[in-house]
Amino acid sequence: MAPSPEADAQVDAAVASAPDAAPAETTNEDAQRGFRVHLSSFDGPFDLLLSLISKRELDITEIALSAVTDEFLTYLRGLDGEDELEEASEFLVVAVTLLDWKIASLLPQGELVDAEDVALLEARDLLFARLLQYRAFKEASAWFAERLAAESGRHARSVRLEDRFRERTPELRWTTSLDDFAALALLAFTPREIPVVGLDHLHAPLISIREQAAHVVSLLRRGEPVTFRQLIAGADQKGVIVARFLALLELYRHAAVGFEQLEPLGELTVRWTAENWSDENLVNLGADYGQ
Amino acid sequence: MASEQTSAEMAAPAAIDGTDVESAPAGIPDEVATERALEAILMIADEPQSVVGLAAGIGRPVADVRRALAALVADYDGVAGTPRRGFELREVGGGWRLYVRAEFDDVVRDVVHTQSPAKLSQAALETLAVIAYKQPISRGAIASIRAVNVDSVVRTLLGRGLITEAFTDSETGAIHYATTDLLLTQLGINSLDELPKISPLLDDGSRGFDDV
Amino acid sequence: MASEQTSAEMAAPAAIDGTDVESAPAGIPDEVATERALEAILMIADEPQSVVGLAAGIGRPVADVRRALAALVADYDGVAGTPRRGFELREVGGGWRLYVRAEFDDVVRDVVHTQSPAKLSQAALETLAVIAYKQPISRGAIASIRAVNVDSVVRTLLGRGLITEAFTDSETGAIHYATTDLLLTQLGINSLDELPKISPLLDDGSRGFDDV
């Protein structure tokens with residue numbers, strides 16, 4: 001089904017309310033706690049930036065994600081503990097979505113070099129819809145969180161069956177073999193959740209940020225500046241690219257790398273800037289992401 | 001089997017009616033007896049009781065059971081001069097169940113020590129929302145909406161019993177997931193219709209993304 | 001735990017005791033509020049509740065609680081024109097608990113019979129496996145391994161005689177559970193030593209999830 005006018009209206013309403021007076025729901029964290037972006041093409045809250053992009057009042061190609069990222073990392077340093085994790089998580093999800101969008105919008109895909117190409121426009125429309133969808137589900141998730149929290153405080157009657165009724169329980173039919181039982185135990189003991197709040201969606205579990213960071217570090221430590229394009233050369237999965245991107249952010253946080261981008265959308269050059277780096281640093285890298 | 005049981009039990013309420021009439025001079029109408037029998041069943045119920053299941057259990061027509069449940073809700077809520085009870089009857093997760101009334105949750109919390117599981121992460125919540133609105137949906141389709149790998153989160157949700165494997169696509173072999181009644185119960189709603197409406201947004205945007 | 005609350009609220013009843021009429025501006029005497037709070041606790045209490053425990057739980061004098069319990073018994077029994085409920089409040093073994101009223105036993109038995117599955121659910125089996133390999137283990141510890149609330153499942157396993165309460169930790173008051181000989185019999189082994197060795201946590205959890 002194509003996006004209906006009604007749908008657009010609803011999105012606009014949701015998005016428009018975000019920057020200032022979001023009623024205590026999803027969008028308030030950016031708007032009220034206030035990560036702001038200061039770019040030549042835009043100056044204001046991050047969430048407003050997203051809103052404008054989704055309303056197509058601002059071109060994604062005008063935005064230098066690296067600059068936004070730089071600002072965000074600076075902003076993060078002013079936060080502590082849980083807030084930092086929460087916001088980092090939030091930001092990275094959106095950044096990955098935007099990055100994904102940019103890659104699909106900007107990078108030549110086969111012959112589709114011409115930005116006016118109809119097919120490319122369609123791809124952008126789809127990605128645009130996808131960002132809207134992402135925001136819609138994010139808002140819905142706030143409702144889920146609220147309901148689950150409220151309901152977890154409720155108490156339903158659930159008591160031990162009185163003995164006189166227990167005798168009427170049908171006799172147990174046991175169909176589990178010893179081996180199946182052991183397999184069930186194994187299944188039950190298998191950790192279901194990486195015990196880091198809210199960050200397990202930032203990576204594909206099969207790709208280790210630490211491993212990718214090791215690769216990135218080995219390329220950079222040769223001393224020559226390397227472009228991001230070179231860093232992701234040969235990466236055959238989107239997940240690997242994302243992991244290397246995240247690894248770079250981590251390395252930047254450790255002041256091990258510096259970035260240089262001469263013009264918007266120009267080549268992103270990464271330079272090794274660490275003064276005393278030991279491979280031990282690598283061990284902890286990506287720990288935030290459970291990798 | 002259900003029919004056999006039903007006929008067997010048809011006798012019971014009748015017998016109860018008889019004894020009640022003896023002890024209550026004015027005579028107790030059948031519908032009141034239905035309410036009392038429902039109360040008894042709800043007292044031992046471990047999970048929400050469907051109207052149909054209750055009707056079969058006490059051998060009464062579904063319509064009677066519905067009426068009696070509504071009367072009990074009003075009774076416990078104290079809308080007709082009766083005391084507003086410390087408990088209430090709620091329709092949640094596809095059935096009826098007795099709950100402590102919300103204003104007594106704090107009092108009760110100190111007495112019982114229930115083990116509540118850890119809160120869901122933001123990622124899990126968002127994935128849950130995607131599944132709730134788009135079910136049945138494959139993991140690949142979820143991942144393309146969320147733009148990230150969702151395997152571990154889906155596992156968490158499965159482990160919590162909030163989603164279930166609905167079916168496996170015979171062509172692609174992709175497992176499709178749907179939400180469970182347990183989710184409804186934990187949300188405190190009775191059906192998916194009670195989810196907030198955001199559906200107009202959700203029908204596009206998935207086109208063109210491979211259902212990996 | 002409850003002591004702070006108790007001392008805070010102990011003050012109120014003292015003042016109220018003789019002045020029931022006066023202290024009911026909203027039309028609800030405190031006595032009635034006590035009944036409602038007791039109702040709430042009794043609704044979810046698994047074990048019979050002692051009068052002293054109830055008094056501490058709601059922060060009222062024991063005498064008030066006794067009076068309120070007697071009023072509730074009369075209320076549910078319908079002696080004063082109220083409906084005779086499908087449940088009753090009885091003092092058993094030094095404590096108070098809600099039970100199904102005897103005349104509804106037949107209806108309830110049939111419902112129990114039709115509703116109780118003859119096979120254990122996947123959740124129950126997994127919980128049983130956790131207990132088998134980690135016994136003795138508390139409910140909290142099981143819950144944290146399973147990442148779900150296991151109260152009802154543990155109750156099922158207890159009811160089936162597959163597990164038993166091994167001991168209660170004197171410090172935390174947490175009940176620890178162990179498996180019974182019945183489980184060994186069902187599994188066809190003579191002792192727990194014959195359980196196949198598993199290496200917990202060796203598995204990275206991705207096995208079986210790598211489709212799609």
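All of these numbers come straight from a predicted model, not from anything done at the bench. Chain A is the first sequence line, chain B the second, and so forth, proteins listed ahead of strands; every chain is numbered from 1.
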Check your understanding: Mind checking what makes ring pair (Phe, Tyr, Trp, His ring centres under 6.0 Å) contact with C/Tyr76, not counting sequence neighbours?
Key -> C/Phe87

Review point. Rounded to the nearest 0.5 Å, what separation is found between the CD1 atom of C/Ile44 and the OH atom of B/Tyr99?
Key: 13.0 Å

Check your understanding: In terms of heavy-atom pairs under 4.5 Å, which option from B/Ala37, B/Ala40, B/Gly53, B/Gly161 contacts chain C the most?
Key -> B/Ala40

**Study point:** C/Pro83: which of B/Glu35, B/Arg36, B/Glu39 passes side-chain contact (heavy atoms from CB on, under 4.5 Å)
**Key:** B/Arg36

Practice item. Select one option (side chain, backbone, both, neither) describing which atoms of C/Asp46 are under 4.5 Å from chain B's heavy atoms. Key: neither

Study note, to complete from the structure: Of the listed C/Leu54, C/Val100, C/Thr82, the one with the largest count of heavy-atom pairs under 4.5 Å with chain B is C/Val100

Revision key, fill the gap. If one checks every heavy atom of B/Glu47 against chain C at 4.5 Å, the contacting part turns out to be neither

Point to revise | B/Met43 and its side-chain contact (heavy atoms from CB on, under 4.5 Å) partner, picked from C/Arg101, C/Arg85, C/Met43 | key: C/Met43

Review point. Given a strict heavy-atom distance threshold of 4.5 Å, which part of C/Gln115 is in contact with chain B: side chain, backbone, both, or neither?
Key: side chain

Exercise for review: Tell me, yes or no, whether the heavy-atom count around C/Arg66 atom CZ, taken from other residues, nucleotides or ligands under 6.0 Å, exceeds 12.
Suggested key: no

Revision key, fill the gap. Looking only at C/Leu98, C/Asp75, C/Leu38, C/Val112, the option with the highest number of non-hydrogen pairs under 4.5 Å against chain B is C/Asp75

